[in-house]
Amino acid sequence: MAEIRTLHDAVAELVHDGDTVAMEGFTHLIPFAAAHEIIRQGITDLTLVRMTPDVIYDQLIGAGLVKKLVFSWGGNPGVGSLHRFRDAVENGWPRPLEIDEHSHAGMANRYVAGASGLPFAVLRGYRGSDIPERTDTVSTVTCPFTGEELAAVRAVNPDVTVIHAQQADHDGNVQLWGLTGVQKEAALAARRVLVTVEEIVDELTPRPTGVVLPGWAVTAVAPAPDGAHPSYAAGYSVRDNAFYQAWDPISRDRDAFRKWIEEHVHDRSQAR
Amino acid sequence: MAEIRTLHDAVAELVHDGDTVAMEGFTHLIPFAAAHEIIRQGITDLTLVRMTPDVIYDQLIGAGLVKKLVFSWGGNPGVGSLHRFRDAVENGWPRPLEIDEHSHAGMANRYVAGASGLPFAVLRGYRGSDIPERTDTVSTVTCPFTGEELAAVRAVNPDVTVIHAQQADHDGNVQLWGLTGVQKEAALAARRVLVTVEEIVDELTPRPTGVVLPGWAVTAVAPAPDGAHPSYAAGYSVRDNAFYQAWDPISRDRDAFRKWIEEHVHDRSQAR
Amino acid sequence: MTTAPRAAAATEVTPDELMTVNAARALAGARTCFVGIGLPSTAANLSRRTDNPDLVLVYESGTLGSKPTRLPLSIGDGELADTADAVVSVPEIFNYWLQAGRIDVGFLGAAQTDRYANINTTVVDRGPGRPEGRLPGAGGAPEIAANCGRVLMVLRHSTRNFVEKLDFTTTVGHGSGPGDRERLGLRGRGPTAVITDLGILRPDPETAELVLTEVHPGVTTDRVRAATGWELRVADRVTATAPPTEAEITALRTLKNAGRSAA
Amino acid sequence: MTTAPRAAAATEVTPDELMTVNAARALAGARTCFVGIGLPSTAANLSRRTDNPDLVLVYESGTLGSKPTRLPLSIGDGELADTADAVVSVPEIFNYWLQAGRIDVGFLGAAQTDRYANINTTVVDRGPGRPEGRLPGAGGAPEIAANCGRVLMVLRHSTRNFVEKLDFTTTVGHGSGPGDRERLGLRGRGPTAVITDLGILRPDPETAELVLTEVHPGVTTDRVRAATGWELRVADRVTATAPPTEAEITALRTLKNAGRSAA
């Protein structure tokens with residue numbers, strides 16, 4: 001069964017320098033609180049995996065903790081660019097950022113392969129695109145029945161996957177609902193799984209669209225109320241679109257970014 | 001949007017002599033009413049696909065309508081043998097039965113490939129088993145990243161898939177819940193989809209474990225209350241275990257079987 | 001229709017509105033649309049409020065049949081899930097719904113496109129001695145363009161966007177010309193229209209090259225040529241797009257205001 | 001335990017009950033079990049009521065953590081879903097949960113097994129001039145045996161079931177001996193015990209061949225040899241299995257009666 005931990009302790013125990021970390025949540029349920037705890041603890045040299053890096057990885061990249069990014073769409077959804085991501089790729093600030101870039105279908109299937117204990121997945125994808133020229137995790141396989149050539153993508157198996165869910169019970173069984181994205185696959189592909197939750201409840205009530213991860217498939221659960229903000233947790237909060245828009249000028253400017261992180265992340269130490 | 005039809009008309013329009021037909025439902029929600037309508041209409045020379053042939057295919061096979069069976073476990077669950085299936089395979093009665101035999105994992109992935117528009121699926125399976133020697137739908141592929149050899153199974157794409165669900169709305173949107181097995185994959189792998197339902201409701205209420213098939217992914221919906229009996233529909237009925245046990249002596253005997261079909265299928269014409 | 005719809009006064013209407021209204025019109029008759037966020041989402045939602053109320057919107061966040069009452073800022077706004085007929089996982093939306101060829105129209109934006117409606121959303125060349133400029137990347141586009149029945153594109157018209165040669169091919173439209181999609185095994189018909197703030201381009205049935213077939217009211221073909229980074233082919237008879245009706249403009253502005261006030 | 005549990009009177013206990021009780025005991029310490037229907041399901045449910053109340057039962061119908069109050073007749077009885085921690089699709093249970101190596105113990109029955117605990121559930125040879133006899137087929141067994149941490153088998157002991165040579169290899173146990181699982185890329189340890197109505201066989205750590213290590217009370221090694229279709233190896237010291245406790249027998253009978261009355 002999963003251990004119930006404080007966010008500080010869970011991050012300290014599960015996330016290490018040099019790890020490959022996936023923090024998933026497709027717009028919904030993005031684990032911002034855990035990312036901020038990683039920043040506070042200065043866990044560095046990370047390889048970050050995520051379909052949509054979003055503001056969460058813009059912050060980790062800008063904080064200088066990221067060596068490599070594995071992703072498929074790196075924008076601020078509905079707003080524009082992720083400026084810290086661009087600054088790292090284009091100018092190497094605050095450090096050079098290696099990238100492994102895919103399409104969404106490719107990334108989703110890399111997680112599926114990882115969750116399935118397979119070394120690769122097959123898809124109809126990448127045909128005619130220049131993407132495979134810049135990565136060694138796309139190849140081809142030939143169908144042994146039809147002779148058709150299809151794309152193959154290498155499985156992704158993070159050292160640790162971090163997701164945010166609405167609820168867990170005291171045994172560490174977790175339930176998330178609403179848009180559940182690729183979280184199940186990301187969690188099951190990982191060696192260790194950390195789930196932050198809005199709240200711990202006595203009993204999980206099955207929900208429509210509910211995805212349940214049994215406690216024995218989770219390493220640790222940490223309460224983090226509103227831990228997805230400025231993303232959201234259906235049933236608990238709504239997406240803070242104004243924050244996403246306000247992030248644009250903050251992230252455009254290195255000093256404004258540093259000041260924001262100082263004020264909103266470092267100075268807000270997590271209760272232990 | 002799916003057409004709402006009587007069971008008679010839906011079967012007549014969607015299921016044809018010589019078709020490859022999948023009637024899925026993993027113990028739960030087995031579409032018996034539709035199978036009986038196929039028997040009444042004498043639709044024949046069918047290739048039937050199903051992970052667990054169960055009593056439903058025992059009846060279709062015994063009725064002489066089946067040319068070939070594609071499956072992975074052919075017993076009467078919790079009871080014993082499917083005697084009509086055995087009689088067809090062992091003695092060619094009432095006609096010889098060709099078989100294409102898999103493991104559950106292989107069959108499930110054949111449906112997944114079919115639903116995904118891929119010609120094959122990859123799995124860790126069949127290693128060291130004699131199964132691949134008797135089928136041309138298992139092969140191997142080599143991972144282009146690790147060099148590991150894995151099993152490949154050919155996609156299955158039925159001409160028509162028939163499933164039973166609890167509810168549909170007037171636009172033919174369908175919801176099933178409880179054990180939903182491989183029905184989504186079987187339906188999406190098929191060229192035509194027939195869904196029999198316990199009832200048509202004004203509005204579908206999202207349910208825990210609910211699988212929704214939008215009306216535009218379904219060809220026809222036919223009301224068939226209790227249409228899964230002796231299987232069951234969670235929320236509407238319970239599994240008639242006594243029937244499964246009573247089936248054993250009926251199906252052991254060719255005459256008893258014929259008499260049962262005459263009395264319980266042919267003499268019960270479906271309301272049109 | 002027995003009476004001609006009342007046209008909105010042309011002066012009121014912005015080029016972006018012309019683009020969006022015509023993009024929405026291009027969805028008439030479509031059953032299902034895989035919707036990119038931004039301009040495509042606005043157009044698809046407008047279509048549901050005008051020509052095509054039954055249009056099924058599919059978003060890559062995993063929603064089938066979303067019926068949002070306001071414009072989503074992001075592809076994962078809660079409203080998309082709350083109003084959907086079904087919510088599925090991201091792998092499922094790409095594998096079972098998109099890849100299997102179930103979606104009629106893929107609606108895409110683009111940072112750069114070329115004469116064969118190929119798309120770059122990855123990197124731009126900023127000249128010698130400067131690092132590549134970084135764009136968001138592929139997202140769902142390569143597989144949307146490969147697997148939908150046809151593709152619509154919507155983007156603003158400028159020589160920066162309509163280029164002689166893409167700096168990077170993220171997503172294949174018509175490749176390097178006729179027969180290329182078939183050779184690559186891309187199953188849909190590819191881009192059938194590129195709708196811009198100046199007019200509409202469509203691939204020539206013979207050469208697959210984009211041809212200017214329509215201009216918006218008041219736009220000259222010369223102006224479109226000047227905004228295109230290659231020698232743009234122009235149809236023998238370029239027609240003008242019908243001016244937006246009042247109903248279209250009202251619906252569009254209501255949609256945008258609802259989105260704004262909710263943000 | 002400070003006092004020895006009270007043993008059930010041996011005369012009351014049937015060979016099948018001895019088999020089931022010992023099969024249940026073999027699950028002590030396991031966290032998760034992928035449960036075949038029939039004897040394995042009875043044993044796994046008994047384990048939850050005796051030694052291992054926290055044992056997580058996984059059924060191929062898609063349930064994780066089922067806690068049935070009565071014995072399911074079939075693998076898809078509603079109770080398995082109603083009492084589960086999570087219900088998932090059949091492809092998911094095989095791909096994400098079994099294939100990924102998440103399950104500690106696979107618990108299988110068999111129609112035929114051989115000295116290396118390979119399993120046949122497909123066809124039996126009925127002699128010259130007669131057609132093959134048809135068995136149900138593979139079901140989940142080949143991948144359960146391949147991908148669980150270890151495998152337990154439970155079946156009745158007879159020369160019909162314990163054969164010199166399988167008529168068909170449905171499911172690989174230890175193949176043709178040591179190293180075969182590794183060569184085949186089978187990831188778990190394979191069968192670690194075969195529990196029958198006469199005793200318990202375990203693979204020799206060196207040769208992987210099944211060795212009789214325990215007999216049930218009152219059973220002689222000669223009787224087990226006579227019920228085995230090959231020259232059965234017998235451990236130097238064969239021990240007797242502990243007689244079922246009253247608690248075990250009561251729990252088993254309650255479970256079976258609950259199943260019967262509900263059927």
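To find a chain, count down the sequence lines: A is the first, B the second, and so on, and within it residues start at 1.
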### Task
Have a look at B:Thr47 and tell me which of B:Val66, B:Asp100, B:Val70 forms a side chain to side chain contact (heavy atoms under 4.5 Å, CB included) with it.
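Checked B:Val66, B:Asp100, B:Val70 against B:Thr47; only one passes side chain to side chain contact (heavy atoms under 4.5 Å, CB included): B:Val70.
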Which heavy-atom pair separates [X] from [Y] by the least distance, and what is that distance?
| X | Y | answer |
| --- | --- | --- |
| D:Pro203 | D:Leu210 | N-CD2, 3.8 Å |
| B:Leu29 | B:Leu179 | CD1-O, 4.4 Å |
| D:Thr121 | D:Ala111 | CG2-N, 3.8 Å |
| D:Val154 | D:Ala23 | CG2-CB, 4.2 Å |
| B:Val193 | B:Val218 | O-CG1, 3.9 Å |

So what's closer than 4.5 Å to chain D heavy atoms on [X]: side chain, backbone, both or neither?
| X | value |
| --- | --- |
| B:Asn91 | side chain |
| B:Ser103 | both |
| B:Val182 | both |
| B:Arg239 | side chain |
| B:Met107 | neither |
| B:Phe71 | side chain |
| B:Ile99 | side chain |
| B:Ala105 | both |

### Task
Determine the option with the most heavy-atom pairs under 4.5 angstrom with chain D, choosing from B:Lys184, B:Gln183, B:Arg134, B:Glu185.
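Counting heavy-atom pairs under 4.5 Å, the top option is B:Arg134.
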### Query
Using a cut-off of under 4.5 Å for heavy-atom pairs, which of B:His104, B:Met51, B:Glu149, B:Glu148 has the most such pairs with chain D?
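Top option by heavy-atom pairs under 4.5 Å: B:His104.
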Name the option with the most non-hydrogen atom pairs under 4.5 Å to chain B; the candidates are [options].
| options | value |
| --- | --- |
| D:Thr169, D:Val172, D:Thr170 | D:Thr169 |
| D:Arg126, D:Arg181, D:Arg130 | D:Arg126 |
| D:Pro91, D:Gly38, D:Ala86, D:Gly140 | D:Pro91 |

### Task
Would you please indicate if the ring centroids of B:Phe257 and B:His83 are separated by under 6.0 Å?
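No, they do not, as the ring centres are separated by 6.0 Å or more.
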Give, as side chain, backbone, both or neither, the part of [X] having an atom under 4.5 angstrom from any heavy atom of chain B.
| X | value |
| --- | --- |
| D:Pro136 | both |
| D:Asn118 | neither |
| D:Arg187 | side chain |
| D:Asn120 | neither |
| D:Arg183 | neither |

### Query
How long is the gap from CD1 on B:Ile163 to CD on B:Glu24, to the nearest 0.5 Å?
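B:Ile163 atom CD1 to B:Glu24 atom CD measures 9.5 Å (nearest 0.5 Å).
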### side chain to side chain donor-acceptor pair (under 3.5 Å) between D:Glu79 and D:Thr69, worked out
CA-CA 8 Å; D:Glu79 172 125 330; D:Thr69 56; 2.6 Å; yes
### For D:Arg134, all residues meeting side-chain hydrogen bond (donor to acceptor under 3.5 Å, both in side chains), sequence neighbours excluded
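Here the qualifying residues are B:Glu101.
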### Sequence neighbours excluded - ring pair (Phe, Tyr, Trp, His ring centres under 6.0 Å) pairs with any residue from residues 114-158 of chain D
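Qualifying pairs, neighbours excluded: D:His157-D:Phe162.
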